[in-house]
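Report on one structure; see the data block that follows.
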Amino acid sequence: MRNEDLIREVEQFLYREARLLDDRKFHDWLTLFTDDVRYWMASRTNRYPKSSKAIAILDPERYVEDDIGREDELAILDESKETLSGRVARLDTGMAWAEDPPARTRHMISNIEVEPGDTDTEVKVYSNFIVYRSRAETEQDFYVGARRDVLRRVDGTWKIARRHIFIDQVMLKSKNLSIFF
């Protein structure tokens, strides 16, 4: 497959995923994941670059080269397919008060880059996103960040095997994470 064709195929996959989320077709969305998926999200942290002369920090671990959360730190989400399915099942109960009435979302995906994965059936995908969420008359939230995905071809179709989400907000105002990034 030509590189341009692969990129276009991956883009269409990600756009379809966004549409499924925006249309609240969460059960269809779940089919886009491998059974061994890891769906992990962290926020940015306030760290100082090692070259910083502006402030003296007693904890040398606060000096790092980037502000992206690490896998050994507390995550906002650390999900498997089973726990993602549980979140979707909860929405089906009618008892998810934070989603009654349901939120409206719009997922915008951009800056998609594709590179070879660790195996012949995988690709690494980098993308940026903006998620707009509105609910009831006054609730509105924007979430902005980046994703690092591993897509795996399973039975001729792409599935998400790993998703690492890095949200740019240091603090989330909304307590509702059922909007799925």
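Along the sequence shown, residues are numbered consecutively beginning with 1. Everything numeric in this text was worked out from a predicted model, so none of it was measured.
V125 and L6 end up in the same hydrophobic cluster when Ile, Leu, Val, Met, Phe, Trp and Tyr side chains are linked at under 4.5 Å. Linking Ile, Leu, Val, Met, Phe, Trp and Tyr residues whenever their side-chain heavy atoms come within less than 4.5 Å leaves V123 and V150 in two separate clusters. At a threshold of 4.5 Å between side-chain heavy atoms, the hydrophobic network of Ile, Leu, Val, Met, Phe, Trp and Tyr places F26 and Y15 in one connected group. The hydrophobic clustering, which links ILVMFWY residues whose side-chain heavy atoms are closer than 4.5 Å, places I76 and F129 together.
Under the 3.5 Å distance criterion, the side-chain polar atoms of R153 are matched with a main-chain donor or acceptor of G156. Side chain of T83 to backbone of S80: a donor-acceptor contact under 3.5 angstrom is found.
Atom CD of E137 sits in a sparse spot, with 12 or fewer heavy atoms from other residues, nucleotides or ligands closer than 6.0 Å. Counting non-hydrogen atoms of neighbouring residues, nucleotides and ligands closer than 6.0 angstrom, the CG atom of D120 reaches no more than 12 such neighbours. Enclosure of atom CD in E82 is not indicated, since only 12 or fewer non-hydrogen atoms of other residues, nucleotides or ligands lie within 6.0 angstrom.
Between atom CG of residue D92 and atom CE of residue M95 there is a gap of 13.5 Å, rounded to the nearest 0.5 Å. Annotation: the span from E17 atom CD to I109 atom CD1 amounts to 7.0 Å, rounded to 0.5 Å. Expressed to the nearest 0.5 Å, how far CD1 of I112 lies from CG of N128 amounts to 9.5 Å. How far CD1 of I160 is from CZ of F13: 4.0 Å, rounded to the nearest 0.5 Å. Annotation: the span from I7 atom CD1 to R2 atom CZ amounts to 10.5 Å, rounded to 0.5 Å. Between the CE atom in M41 and the CZ atom in F166 there is a gap of 11.0 Å [rounded to 0.5 Å].
Side-chain contact between Y39 and I165 is present, with heavy atoms from C-beta onward closer than 4.5 Å. Side-chain contact check for V88 versus L84: every heavy-atom pair is 4.5 Å or farther apart. Side-chain contact check for R16 versus L20: some heavy-atom pair is nearer than 4.5 Å. Within the 4.5 Å cutoff, the side chain of T34 has heavy atoms near those of the V37 side chain. Counting heavy atoms from C-beta outward, I130 and H107 have side chains that stay 4.5 Å or more apart. Counting heavy atoms from C-beta on, the side chains of V144 and I167 never come closer than 4.5 Å. P102 has its side chain out of reach of R135: every pair of non-hydrogen atoms, C-beta onward, lies at least 4.5 Å apart.
The cationic group of R152 does not satisfy the cation-pi geometry with W158, failing either the under 6.0 Å distance to the six-membered ring centre or the 45° limit from the ring axis.
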Test salt bridge (charged side-chain N to carboxylate O under 4.0 Å, His left out) on R87 and E99 and set out the steps.
CA-CA 12 Å; R87 286 179 177 271; E99 279 296 301; over 6 Å; no
From CA spacing to verdict: side-chain contact (heavy atoms from CB on, under 4.5 Å), E9, L151
CA-CA 11 Å; E9 189 177 335; L151 301 185; over 6 Å; no
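For the residue pair H164 / D149, no side-chain donor-acceptor distance below 3.5 Å is found, with atom types taken as modelled.
Salt-bridge formation is not detected for the pair K25/D28: no Lys NZ or Arg NE/NH1/NH2 atom is positioned less than 4.0 Å from an Asp or Glu carboxylate oxygen. Between K159 and E122, none of the side-chain N atoms (NZ, or NE/NH1/NH2) sits under 4.0 Å from a carboxylate O, so this pair counts as no salt bridge. Between D36 and K81, none of the side-chain N atoms (NZ, or NE/NH1/NH2) sits under 4.0 Å from a carboxylate O, so this pair counts as no salt bridge. At a threshold of 4.0 Å, the pair R163-E79 does not count as salt-bridged, since none of the basic side-chain nitrogens sits closer than that to a carboxylate oxygen. Of the charged side-chain nitrogens involved, none lies within less than 4.0 Å of a carboxylate oxygen, so that R104 and D22 do not count as a salt-bridged pair. Between E113 and K124 there is no salt bridge, since none of the side-chain N atoms of the basic residue sits less than 4.0 Å from a carboxylate O of the acidic one.
Note: F142 and Y132 have tilted aromatic rings, judged against thresholds of 30 and 60 degrees for the angle between ring planes.
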